[in-house]
Amino acid sequence: MAERYDPKAIEARWQQVWADERTWEVANETAPGVERSYVLEMLPYPSGEPHMGHLKCYSIGDAIAHFRRRRGMRVLHPMGYDAFGLPAENHAIKTGQHPRDSTAESIAEFKRQFLEWGISIDWTREFGTHEPRYYRWTQWIFLRLLERGLAYRQEAAVNWCPKDQTVLANEQVVDGRCERCGTPVEARQLEQWFLKITDYADRLLDDLATVEWPEHVVTMQRNWIGRSEGAQVVFRCDALGADYPIFTTRPDTLFGATFFVMAPEHPDVIRLVEGTEREAEVRDYVNRAVRESAEERGAEAREKTGVPLGRTVTNPVNGEEIPIFVADYVLMEYGTGAIMAVPAHDERDFEFARRFGLPVRRVIDCEGELPCTGDGAMVNGGRFDGRHNREAFAQIVEWLESEGRGRPAVNYKLRDWLVSRQRYWGCPIPVVHCDRCGLVPVPDEDLPVELPDVEDYAPRGRSPLAAAEDWVRVPCPRCGEEARRETDTMDTFVDSSWYFLRYCDALNDTAAWDRAVVDAWMPVDQYIGGVEHAILHLMYARFFVKALADIGLVGFQEPFARLFTQGMITREGSKMSKSRGNVISPRDYVDRYGADTARCYILYIGPPDQDADWSDEGVGGIHRFLARLWRIASDVAERAPGAAAGAAPSPLLRKAHWAIDKVTSDLGERFAFNTAIAAVIELVNDAYRYREELVAGGEATAADLRFAVATAGSLIFPFAPHLGAEVYELMTGRRVWEEPWPEADPALLVAEEVELVVQVNGKLRDRVRAPAGAAEEEQERLARESPRVAAQLDGSDVVKTVVVPGKLVNFVVR
RNA sequence: GCGGCGGUGGCGGAACUGGCAUACGCGAUGGACUCAAAAUCCAUUGCCCGCAAGGGCUUGUGGGUUCGAAUCCCACCCGCCGCACCA
């Protein structure tokens with residue numbers, strides 16, 4: 001028997017057992033009546049080695065997986081790697097090392113550490129998204145989307161990152177900068193591949209009601225989709241004989257429109273001034289606006305600018321001619337790129353009107369100064385005067401519709417997903433460009449289109465793949481004439497939008513998955529990851545599942561039934577980063593204290609959904625606790641089990657059942673791992689005190705002590721699986737993961753005697769002991785008997801007595 | 001500006017349904033063991049007054065509801081995150 005807690009030896013031993021016996025592998029077939037559960041942590045991007053965020057994520061997921069297994073469920077808990085992406089490619093540009101090789105090294109390191117952490121993974125289902133056996137199916141899905149018109153190629157103004165030399169999706173532009181590298185993005189007019197996520201806007205919005213997700217994530221998605229209801233209204237420009245539709249959420253304010261504004265990118269701006277004396281000034285303004293970065297244009301507190309076009313449009317509700325302006329506060333990407341401006345009831349229009357001395361006309365009698373956006377009776381609104389604006393809202397739209405000048409309309413902030421990237425290390429888009437046939441999909445049987453090796457990874461504004469001439473030149477699959485392959489690769493978010501489906505049927509080499517298999521496992525019962533993916537990954541994956549459901553490939557609408565978002569691990573109060581020099585690695589602590597300590601500490605540190613600051617002193621505390629547990633277990637193992645417990649249940653036995661109850665609810669319902677671990681610490685502390693008593697020859701029994709320590713091992717197992725298994729084996733000779741999760745005996749959860757709090761006027765004056773089931777009168781009598789309480793009550797009138805059975809007595813005195 | 005989250009001892013945090021504020025851990029102090037140290041074990045530890053018995057105060061601030069508020073309501077302050085000229 002070892003003299004001290006040796007996590008290295010214990011952890012190596014159990015990891016060997018789990019690997020040899022393939023303990024965590026799970027079959028797709030299941031006996032009837034066995035409940036399934038799919039527990040999944042977000043796919044890691046393998047770069048260098050895992051960091052604290054990974055440790056936290058997998059510690060949470062593993063605890064849940066273990067808990068569910070021991071509650072009798074068949075648990076799918078797989079692992080893989082999101083292995084395509086820019087960091088590996090940038091590394092290749094710097095060093096010349098093939099991204100495949102550096103990625104393989106990172107994956108090996110990740111896997112080595114995951115095994116060292118003792119995470120219970122079914123490794124038979126492992127894959128990397130960069131492996132042809134995986135991306136073959138990414139391409140296959142892309143072709144299915146293409147067939148349905150959900151993937152299309154179009155020229156559009158797109159976000160271009162000059163540093164990464166590639167286009168970006170809207171979601172990857174944050175504050176006008178590239179989400180990856182922080183470089184301000186530029187607008188470029190380019191032909192690119194898009195996925196038609198906007199077709200699903202309403203369903204993506206509505207189905208948020210069907211998932212159990214944190215409210216803030218739901219809110220973020222809702223905002224991102226940005227659905228607004230209103231109307232499309234057509235304004236006519238008689239001079240050119242052109243109609244300009246606008247979108248508004250406030251058709252009730254149409255009578256207050258005093259001017260009209262177009263975005264600088266609006267295709268008709270120049271046409272409206274061509275050959276007029278305003279042309280030079282307008283061209284100048286447009287050129288300046290278009291050149292400005294998204295960041296400059298979106299800057300807050302920026303003065304409104306604009307130029308009149310010297311033209312007018314007709315307001316369809318009152319026939320007024322109102323002037324047209326071009327101004328950069330109107331965005332081409334939203335609505336129709338033109339707006340009606342109602343300065344009385346819109347702050348932005350008001351600001352503009354003020355700068356340009358334009359009339360402001362109140363049309364709603366809302367409270368407060370102008371501009372006001374509230375409700376009220378209509379004024380200056382012709383035959384609608386006097387009606388409430390909300391009522392007039394629909395009536396005006398109806399009237400416009402009958403005149404052919406408008407209709408109800410819905411607008412979204414969500415844009416289609418731009419998926420092509422001019423980079424090397426990604427999944428090739430399986431399409432061929434043929435001069436005769438146009439875009440021709442690569443036939444399914446020719447998949448995968450494998451990524452060729454190239455000499456030079458450096459991006460030059462086009463994909464490095466374009467230089468692989470032998471690869472690019474192919475016969476057209478349709479006509480057989482010479483054609484060229486698409487050289488762009490896919491956004492890596494495409495890879496991660498369906499990986500959770502592949503895990504269900506990872507070894508299938510004749511299909512992406514078998515629908516029956518996927519339908520049996522999906523949706524993911526518990527998904528765990530960082531909140532930074534609240535929009536990107538989670539929205540894309542939801543879109544994929546809905547599209548795949550429409551195609552008939554899956555039989556459900558949402559991928560992730562329950563989502564848990566973990567908080568960040570910080571260091572000295574700030575985010576860990578190389579530039580701050582405050583990065584610490586899980587490896588440092590696993591080497592020094594063992595995986596069980598690192599895992600328990602990261603969960604003990606605070607509520608898992610909140611940010612938490614890593615402290616080296618704190619780790620020591622948890623390590624001490626685990627060592628205490630091991631020490632008392634090895635001590636108890638050497639004692640004879642002793643006779644059965646005495647007649648009355650010992651306090652330690654009650655404590656053990658209390659801990660079972662506490663850990664069960666904290667783990668199963670609340671995700672409160674910190675308090676669950678605290679409960680096990682309390683149990684172990686009590687076991688130490690109880691052992692003192694046993695040694696001193698009191699009423700304590702060795703059997704109760706053994707039971708308590710075994711219970712501590714069993715309860716700590718989801719958090720510290722190696723030590724949990726070790727302690728449980730020492731106490732019982734059995735394997736803890738083969739044992740059902742313990743159940744608390746309700747009879748032992750209620751104490752025989754309770755402590756009553758006695759208050760006088762709400763202030764605590766004493767505590768008295770009372771039998772558990774004592775009547776209210778009995779409790780009041782016992783409370784009055786307390787000398788301290790009696791002293792307080794002496795000489796005053798008790799006006800009222802409040803008795804909370806089993807808890808407290810409060811005397812209200814005058 | 002809009003939306004969300006949060007503010008409790010020296011520190012991380014607990015208090016789940018309005019009923020003992022400060023569980024558990026860290027740190028600190030004292031003691032045992034030791035030649036000594038480490039490790040370990042035991043005890044104390046919200047603040048103030050007091051020799052003590054005891055008393056008073058305390059959950060960002062100010063009000064309110066209640067026998068009773070960290071918890072509910074109103075007003076406000078501070079911090080973090082997301083969105084932001086989206087018509």
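In what follows, chains carry the letters A, B, and so on, assigned in the order in which the sequence lines appear, proteins first and then strands, with residues in each chain numbered from 1.
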* **Heavy-atom pair with the smallest gap, counting every atom of A:Leu603 and A:Ile677** =>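 Heavy atoms of A:Leu603 and A:Ile677 come nearest at CB-CD1, 4.0 Å.
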* **Anti or syn - B:G9, cut at 90° from 0** =>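 Judged by the O4'-C1' to base torsion, B:G9 sits in syn, the angle falling within 90° of 0.
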* Quick one: label A:Ile681 by what it contacts on the DNA or RNA (base, sugar-phosphate, nothing), any heavy atom closer than 4.0 Å. =>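 Sugar-phosphate: the residue A:Ile681, judged by heavy atoms under 4.0 Å, touches backbone atoms but no base.
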* To do: Can you figure out which of B:A87, B:A84, B:U40 approaches the side chain of A:Lys413 most closely?
  =>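 Minimum distance to the A:Lys413 side chain belongs to B:A84.
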* Taking any strand in view, what nucleotide pairs with B:C2 in a Watson-Crick or G-U wobble way, both distances under 3.5 Å? ->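 The base-pairing partner of B:C2, which may sit in any strand shown, is B:G82.
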* Asked: Among the nucleotides B:C42, B:A87, B:G27, which one has an atom lying closest to any side-chain atom of A:Arg628?
  ->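 In terms of side-chain proximity for A:Arg628, the closest of B:C42, B:A87, B:G27 is B:C42.
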* Asked: What integer distance in Å separates A:Phe625:CZ from B:G13:P?
  ->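 In whole Å, B:G13 P and A:Phe625 CZ are 20 Å from each other.
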* To the nearest angstrom, how far is A:Trp614 atom CH2 from B:C11 atom P? ->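 Those two atoms, CH2 and P, are 22 Å apart.
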* Between A:Arg355 and A:Phe352, is NZ or CZ placed under 6.0 angstrom from the six-membered ring centre and within 45° of the ring axis? ->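 The answer is no, since A:Arg355 fails at least one limit relative to A:Phe352.
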* For the side chain of A:Val802, starting at C-beta, report the closest nucleotide among B:G56, B:G19, B:G12. =>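 From the listed options, B:G19 comes nearest.
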* B:U34 and B:U40, which share atom name C1', separated by this distance in whole Å ->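 Pairwise C1' distance, B:U40 against B:U34, rounds to 12 Å.
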* **Atom-pair distance (CG on A:Asn685; P on B:A23), nearest Å** =>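 My rounded result for the distance is 13 Å.
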* Touch class at under 4.0 angstrom, heavy-atom based, for A:Gly621 against every strand present ->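 Sugar-phosphate contact only - A:Gly621 comes under 4.0 Å of backbone atoms but never of a base.
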* Asked: Touch check for A:Leu331, heavy atoms < 4.0 angstrom, all strands: base, sugar-phosphate only, or nothing?
  ->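 Result for A:Leu331 = base.
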* **Watson-Crick/G-U partner (both atom distances under 3.5 Å) of B:U29** =>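 Its partner is B:A43 (Watson-Crick or G-U wobble, both distances under 3.5 Å).
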* **Interatomic distance, A:Arg592 CZ vs B:A39 P [rounded to whole Å]** =>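 Taking CZ of A:Arg592 and P of B:A39, I get 11 Å after rounding.
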* For the side chain of A:Tyr688 and the base of B:C41, is some donor closer than 3.5 Å to an acceptor across the two? ->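 Per atom types, no contact qualifies.
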* Asked: Among B:G12, B:G13, B:A23, which is the nearest nucleotide to the side chain of A:Asn674?
  ->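 The listed nucleotide nearest to A:Asn674's side chain is B:G13.
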* Asked: Nearest-Å distance, NZ (A:Lys304) to P (B:A87)?
  ->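 So the NZ-P distance, A:Lys304 to B:A87, works out to 14 Å.
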* Distance under 6.0 Å and angle within 45° of the ring axis: does A:Arg542 meet both against A:Trp213? ->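 Yes, A:Arg542 sits over the ring of A:Trp213.
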* To do: Compare the minimum distances between each of B:C67, B:C16, B:A87 and the side chain of A:Thr249, then state the nucleotide with the smallest one.
  =>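 So the side chain of A:Thr249 is nearest to B:A87.
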* Could you check which nucleotide pairs with B:A14 in any of the strands shown, counting Watson-Crick or G-U wobble with both distances under 3.5 Å? =>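 Because no pair has both required distances under 3.5 Å, B:A14 counts as unpaired.
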* Out of curiosity, A:Met52 CE to A:Tyr589 OH, how far, rounded to the nearest 0.5 Å? ->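 Answer for the CE-OH pair, A:Met52 versus A:Tyr589, is 5.5 Å.
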* Mind checking who B:A75 pairs with, Watson-Crick or G-U wobble, both distances under 3.5 Å? ->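 Partner of B:A75: B:U61.
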* If you check every side-chain atom of A:Gln610, which of B:G6, B:G27, B:G56 has the closest atom? ->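 Nearest to the side chain of A:Gln610 among the choices is B:G6.
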* Asked: Would A:Asp346 and A:Arg250 pass as an ion pair if we require N to O under 4.0 Å?
  ->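 Salt bridge absent between A:Asp346 and A:Arg250.
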* Any donor-acceptor N/O pair under 3.5 Å between B:C67 base and A:Asn810 side chain ->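 For A:Asn810, whose side chain was compared with the base of B:C67, there is a donor-acceptor pair (under 3.5 Å).
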* Using a 4.0 Å heavy-atom cut-off across all strands, classify A:Val812 as base, sugar-phosphate, or nothing. =>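 Sugar-phosphate contact only - A:Val812 comes under 4.0 Å of backbone atoms but never of a base.
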* **Options B:G3, B:C85, B:C24, nucleotide nearest the side-chain atoms of A:Asp328** =>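 The answer is B:C85.
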* Options B:A87, B:A23, B:G56, nucleotide nearest the side-chain atoms of A:Ala678 ->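 Nearest to the side-chain atoms of A:Ala678, counting from C-beta on, is B:A23.
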* Counting N and O atoms only, with roles assigned by atom type, does the side chain of A:Asp766 sit under 3.5 Å from a partner on the main chain of A:Ala783, one being a donor and the other an acceptor? ->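 Looks like no, no N/O pair under 3.5 Å.
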* **Euclidean distance for P, B:U61 against B:U71 (whole angstrom)** =>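 B:U61 and B:U71 have their P atoms separated by 11 Å.
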* Looking only at side-chain N and O atoms, does A:Thr675 come under 4.0 Å of OP1 or OP2 in B:A23? ->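 False: A:Thr675 side-chain N/O out of range (4.0 Å or more) of B:A23 OP1/OP2.
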* Asked: Counting any heavy atom closer than 4.0 Å, what does A:Thr801 reach on the DNA or RNA strands: base, sugar-phosphate only, or nothing?
  ->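 Contact class for A:Thr801: none.
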* Could you grab the distance from atom OG1 of A:Thr249 to atom CZ of A:Phe393, nearest 0.5 Å is fine? =>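 Between A:Thr249 OG1 and A:Phe393 CZ, I get 7.0 Å after rounding to 0.5 Å.
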* Measure the distance from CG on A:Leu764 to P on B:C57 and round it to the nearest whole Å. =>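 Computing the A:Leu764:CG to B:C57:P distance gives 13 Å.
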* **Watson-Crick or G-U wobble mate for B:A21, both contacts under 3.5 Å** =>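 Its partner: none found.
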* Would you call A:Arg599 and A:Asp596 a salt bridge, taking side-chain N to carboxylate O under 4.0 Å as the test? ->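 Here A:Arg599 does not pair with A:Asp596 in a salt bridge, since their nearest N and O are not under 4.0 Å apart.
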* Report yes if a side-chain nitrogen or oxygen of A:Arg355 is closer than 4.0 Å to either non-bridging phosphate oxygen (OP1 or OP2) of B:C85; otherwise report no. =>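 It does not, given that no N or O in the side chain of A:Arg355 lies less than 4.0 Å from OP1 or OP2 of B:C85.
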* Asked: Taking atom P of B:G82 as reference, at what distance in whole Å does atom CG of A:Leu536 sit?
  ->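 My rounded result for the distance is 13 Å.
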* With sugar-phosphate meaning primed atoms plus P, OP1 and OP2, does A:Arg415 contact a base, only sugar-phosphate, or nothing at under 4.0 Å between heavy atoms? ->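 If one applies the 4.0 Å heavy-atom cut-off, A:Arg415 turns out to touch nothing in the nucleic acid.
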* **Rounded interatomic separation in angstrom, taking CG from A:Leu629 and P from B:C24** =>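 Rounded to whole Å, this separation is 17 Å.
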* Asked: Taking for each residue the nucleotide of RNA chain B bearing the nearest heavy atom, is the 5' side occupied by A:Lys662 or by A:Arg691?
  ->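 Checking each residue's closest nucleotide, the 5'-ward one belongs to A:Lys662.
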